[in-house]
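These notes are about the structure you will find just below.
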Amino acid sequence: MKLLVIGAGNMGLTYAEAMSKSKLLKKRNIMILDSSDEKIESLNKISHFDVFKDPKDCVPQADLIFLAVKPFHADELFGKMAPIVTKGQIVISLMAGVTIKHIQDALDLAKVVRTMPNLPAKVGKGLTSYTASEEVSRIELLTIENLLNTTGKSIQVKNENFIDASTGISGSGPAYVFYFMQSMMEAALQMGFSENVSKVLVSQTFTGAVDLFNQDDISPNRWMELVASKGGTTRAALDSMDDNNVNELIKEAAFAAFNRAIELGKDK
């Protein structure tokens, strides 16, 4: 099996590096295509990848093609790919807002998988949701799922509406966490802690809370009840959040990302 990653940005290289460790692939079976001379020169120093600038030199060789370019580059890329793709190839898109049908029509290929990855893939803790056109077989999907899992976990969703929805939760979600962390660090600094101590206080608190959440089937609401005693410090903080409608604001933010994902896909 020969795999091509198009786009050597953060996400493209993250997936390439992770998939190179898969038992399904030999390292030399991963190709990378990028248009930047500077990027190609840098990548050529990584001996386990074959690096290309011209699509004609690598696209026809690939069994699986991962699209990891910015969505606004999609149509330009498809114009170069369309004359050289072959019918049996499977395209896996990491691009937000670009629909399966748009890719099928642009490339005249039937087998397309659309995904929504997220940034923690960089440290093997990512979550990738995916859905596929009906022409992709169960065996092919299993292979693709195994490759996606090299960056963390993956979940198959029913249709593309859930890809847009997962954009609002897991795709954009790390930024919500960082937003909350930044606010807590600023509060810690204002309380007199150093920047380094503030970072440790916040990061360990998040890590510990997530580990607690994952070890049991206890809901977040129940965990809050276990932490917050009546009249105590935690209850004061939670009451302040409730008074300021933070719960609804967070949900509104998630839906804002979801709705924007739908808008991006209307023309694609």
Side-chain angles (χ1 to χ4, degrees), residues 1-98 100 102-104 106-109 111-126 128 130 132 136 140 143-152 154 171 268:
M1 183 169 58
K2 198 87 168 174
L3 186 149
L4 170 64
V5 176
I6 301 181
N10 276 334
M11 200 56 71
L13 281 182
T14 292
Y15 274 80
E17 289 286 358
M19 291 186 296
S20 72
K21 301 176 177 67
S22 170
K23 295 178 181 178
L24 297 174
L25 293 169
K26 296 180 180 178
K27 289 181 178 180
R28 273 295 180 183
N29 282 351
I30 296 182
M31 303 176 289
I32 296 180
L33 172 67
D34 200 271
S35 60
S36 166
D37 289 327
E38 183 180 353
K39 181 72 72 171
I40 288 171
E41 182 180 353
S42 173
L43 287 173
N44 275 325
K45 298 174 183 177
I46 304 174
S47 60
H48 55 272
F49 294 140
D50 290 325
V51 186
F52 300 89
K53 184 176 183 181
D54 190 336
K56 293 193 293 290
D57 295 331
C58 54
V59 169
Q61 302 177 43
D63 299 300
L64 303 176
I65 301 174
F66 276 72
L67 302 178
V69 301
K70 299 294 185 184
F72 58 84
H73 290 313
D75 289 333
E76 179 185 357
L77 173 63
F78 293 159
K80 296 175 181 177
M81 291 176 62
I84 53 178
V85 293
T86 58
K87 295 296 182 184
Q89 291 174 313
I90 304 175
V91 171
I92 301 99
S93 172
L94 307 178
M95 299 183 294
V98 183
I100 288 175
H102 186 79
I103 297 171
Q104 288 176 317
L107 297 179
D108 193 24
L109 287 178
K111 297 181 179 183
V112 177
V113 178
R114 183 179 167 196
T115 75
M116 174 45 59
N118 68 3
L119 191 60
K122 291 177 68 66
V123 291
K125 296 288 186 179
T128 305
Y130 70 94
V136 182
E140 289 167 335
T143 297
I144 291 164
E145 183 180 280
N146 284 334
L147 291 172
L148 295 176
N149 285 344
T150 61
T151 64
S154 65
K268 298 289 185 191

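In this text, all values refer to a predicted model and were calculated from it rather than measured experimentally.
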Atom pair [atom1]/[atom2] of [X] and [Y] - distance to nearest 0.5 Å:
X      : Y      : atom1 : atom2 : answer
Asp57  : Asp50  : CG    : CG    : 11.5 Å
Leu147 : Leu25  : CG    : CG    : 5.5 Å
His73  : Ile6   : NE2   : CD1   : 13.0 Å
Asn10  : Leu119 : CG    : CG    : 7.5 Å
Ile92  : Leu148 : CD1   : CG    : 7.5 Å
Tyr130 : Met116 : OH    : CE    : 15.5 Å

Do any N or O atoms from the side chain of [X] and from the backbone of [Y] form a donor-acceptor pair under 3.5 angstrom?
X      : Y      : answer
Ser42  : Glu38  : no
Lys125 : Ala121 : no
Asn149 : Ser154 : yes
Gln89  : Thr86  : yes
Asp34  : Lys39  : no

Any idea which heavy atoms bring [X] and [Y] closest together, and the distance?
X      : Y      : result
Thr150 : Ser22  : CG2-CB, 4.0 Å
Ala16  : Ile32  : CB-CD1, 4.0 Å
Gln61  : Lys2   : O-CB, 3.5 Å
Val98  : Pro71  : CG2-CB, 4.0 Å
Leu4   : Cys58  : CD1-SG, 3.9 Å
Ala18  : Thr151 : CB-CG2, 3.5 Å

Beyond-backbone contact of [X] with [Y], side-chain heavy atoms, under 4.5 angstrom:
X      : Y      : answer
His102 : Asp75  : yes
Val5   : Met19  : yes
Ser93  : Phe66  : no
Val136 : Val113 : yes
Met95  : Lys70  : no
Met31  : Phe52  : yes
Leu24  : Asn146 : yes
Met81  : Leu109 : no

Partner of Val91 by side chain to side chain contact (heavy atoms under 4.5 Å, CB included), out of Leu64, Leu67, Ile100, Val85:
Leu67

In plain terms, say whether Lys53 and Asp37 are close enough for a salt bridge, that is, a side-chain N and a carboxylate O under 4.0 Å apart.
yes

Run the salt-bridge test on Asp108 and Lys87 with the 4.0 Å N-O cut-off and return the result as yes or no.
yes

Going through the checks in order, is the side-chain contact (heavy atoms from CB on, under 4.5 Å) test met by Val59 and Ile65?
CA-CA 8 Å; Val59 169; Ile65 301 174; 4.2 Å; yes

I'd like to know whether Thr128 forms a side-chain hydrogen bond (donor to acceptor under 3.5 Å, both in side chains) with Tyr15, so could you lay out the CA-CA distance, the side-chain angles of the two residues, the decisive distance to 0.1 Å, and finally the verdict.
CA-CA 11 Å; Thr128 305; Tyr15 274 80; 2.5 Å; yes

